[in-house]
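Atoms within each ligand, like the ligands themselves, are counted from 1 in listed order. Throughout, residue positions are numbered sequentially from 1 according to the sequence presented. Heavy atoms only: backbone and side chains are in, while hydrogens, waters and symmetry mates are out.
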Amino acid sequence: VPSIFEIVESVRLYQSKGQALLYRFVGVVDAEKSAQGSWVTGESGRRYLDLGGFGVFLLGHQHPGVIAKVSDQLSRLSCSSRWFPTAVGAEAAAMLVSIAPPGLSKVMFLNSGSEAAEAAAKLCRAATGRIPLCHIVGSYHGKTFGALSLTDNPNFRNGLGPLVAEVHQLPRDGAQEAGQRIRALRPAGVFIEPIQGEGGIVEVPIETLRQIRAACSEVGALMVVDEIQCGLGRTGDVWAISHADVQPDILLSGKSLGGGVLPVSALLATSAAFGPYDHNPLLHTSTFGGNPLACAAVVATVKAIVDEQIPQKAKELGGKFKAILEELHENYADLFIKVSGRGLMLGLHCVRPDIAANYMQNCAREGVLLTPCIAQPHVLRVSPSALTTADELDFCRGAVGRAASLTRSERMEMDKYAR
Ligand SMILES: Cc1ncc(COP(=O)(O)O)c(C=O)c1O
């Protein structure tokens, strides 16, 4: 096995110099070898409690039900000829619809979150015959051209324009104004994450969600709810939008949808909104979209979400994780500003981005992995598995506390020299 230094050097040579620099900068001293449940094992033999994973591991790593279903599928048919439909594809669609918000009865399987956002943007225009699209301050919907056009982060967009035309940004906190802008613009669709992930774990006010729904209905615009990160039970409800009692026209799912085993995303829609794809199945296609292996993962994931009461577990465990983070905030007000989020989609807001990076490194040293919010680097994401055990929670409490104490003493030491 190559050493971590050789692996990072290979990344520098053959992949990205910047990525290699980033690994060095955040002090990566291990490579990922295997994972099971809440734990990642490095090539060094060290184990890390994974509270990050960009929100993919709601069921943990290598969930036995998902692995069994996918392994069985792998032994028979992984990529299909696409000449015939597959039983597993039909089963995955029916199962996903069975847990979808009321009225969302159509599914299109794709591979990544960005691809689902792309398909949704096209669907909005095709279904309404209109051009304008709206998104919200702080949004993240992906990095392909369409999805990027609906993403509010200049760092991802600079130098890439012109992006998709007639995209407008709506306020997140001004519900009335958001509604008025929609009435004036009469857009094809409005994209919104009920809880913004990359944007810093920010809950969009319920009033904004409701005003957007009302205005969309009034002018015949489609409301696209992006639950790629917050959906499938992570926030304590199967769908985060149900918290606001709002029905979307289109809903996007991804990340945890493959059970932490395979990449897969989905666009769900009402049959009215889905019309163009219903009538013309070639309007949006993807060679690997809905491949049998991915569909097997979806079947097992939905089964686990229902049978293992994942939303309920996320709610209960979320309260416990939040209490750990609140205590951390209380004891280390010099490092942390606040805790945000719901269920197992939590954000630990640090006083500065460099402190967030420093703290994240120290957590890894103590055996806990967190993820930064890319667009808000002072916020660290805590998105654990809903199957985290009481012992793992205890381990987390000790490790994040030790990491905070280490970070505080390092900061004090550095501040001495800065003076
Ligand atoms: C809310 C949301 N939408 C879309 C995406 C894009 O998904 P992907 O990275 O799979 O393309 C992400 C990814 O972080 C996301 O969090």
Side-chain angles (χ1 to χ4, degrees), residues 19 52-58 108-124 133-153 155-157 160 163-164 167 169 172 189-204 209 223-235 239-241 243 248 250-268 284 286 288-291 294 297-298 301 340-347 370-377 379-383:
Q19 182 63 56
F54 291 88
V56 168
F57 300 104
L58 181 62
M108 175 186 274
F109 286 115
L110 296 154
N111 305 285
S112 70
S114 302
E115 210 183 339
E118 209 69 39
K122 285 169 62 178
L123 184 57
C124 288
L133 294 166
C134 297
H135 67 118
I136 309 296
V137 167
S139 63
Y140 185 91
H141 299 290
K143 288 186 184 155
T144 51
F145 266 106
L148 182 63
S149 306
L150 295 158
T151 286
D152 176 22
N153 185 340
N155 294 333
F156 300 148
R157 302 160 60 118
L160 299 175
L163 299 180
V164 170
V167 171
Q169 198 174 82
R172 182 176 57 205
V190 178
F191 281 65
I192 187 157
E193 300 154 79
I195 302 185
Q196 295 180 333
E198 300 288 338
I201 313 294
V202 181
E203 292 189 59
V204 173
L209 296 166
M223 183 178 187
V224 183
V225 170
D226 182 342
E227 296 237 7
I228 287 167
Q229 191 163 155
C230 62
L232 296 170
R234 180 167 287 289
T235 65
W239 305 107
I241 191 70
H243 192 68
I250 298 174
L251 182 139
L252 310 179
S253 181
K255 291 195 186 269
S256 296
L257 184 60
V261 172
L262 283 173
V264 55
S265 66
L267 176 155
L268 291 124
H284 191 84
S286 174
F288 293 115
N291 68 76
V298 171
T301 299
S340 65
R342 224 166 53 222
L344 293 172
M345 186 170 179
L346 300 171
L370 304 176
T371 312
C373 289
I374 314 265
Q376 297 290 331
V379 186
L380 295 172
R381 266 184 278 184
V382 181
S383 37

Just to confirm my output: which protein heavy-atom neighbour is closest to [atom], and how far is it?
atom                    : answer
atom 16 (O) of ligand 1 : Gln229 NE2, 2.7 Å
atom 3 (N) of ligand 1  : Asp226 OD2, 2.7 Å
atom 6 (C) of ligand 1  : Ser114 N, 3.6 Å
atom 7 (O) of ligand 1  : Gly113 CA, 3.3 Å

Quiz item: Which bit of Glu198 is near ligand 1, meaning a heavy atom under 4.0 Å away: side chain, backbone, both or neither?
Solution: side chain

Quiz item: Quick one: does ligand 1 sit under 4.0 Å from the side chain of Glu193, the backbone, both or neither, non-hydrogen atoms only?
Solution: side chain

Exercise. Identify the residue among Val224, Val204, Ile241, Asp226 that makes a side-chain contact (heavy atoms from CB on, under 4.5 Å) with Ile192.
Key: Val204

Quiz item: So is Gly142 polar-close to ligand 1, meaning N/O to N/O under 3.5 Å?
Solution: no

Practice problem: Determine the minimum heavy-atom distance between Cys230 and Met345, stating which atoms define it. | Solution: CB-SD, 3.4 Å

Quiz item: Taking all non-hydrogen atoms of both residues, which atom of Cys124 and which atom of Phe191 are closest, and how far apart?
Solution: SG-CE1, 4.3 Å

Practice problem: Check the surroundings of atom CZ in Phe156: do more than 12 heavy atoms from other residues, nucleotides or ligands lie under 6.0 Å from it? | Solution: yes

Quiz item: At a 4.0 Å cut-off, with the gap strictly under it, does some heavy atom of Lys255 reach an atom of ligand 1?
Solution: yes

Self-check item: Tyr140 heavy atom under 4.0 Å from ligand 1
Solution: yes

Quiz item: Could Glu227 and Arg234 be called an ion pair, given the rule that one side-chain N must be under 4.0 Å from one carboxylate O?
Solution: no

Quiz item: Any side-chain heavy atom of Val164 within less than 4.5 Å of one from Leu148?
Solution: no

Exercise. Would you check if Pro194 and Trp239 make a side-chain contact, meaning some heavy-atom pair closer than 4.5 Å?
Key: no

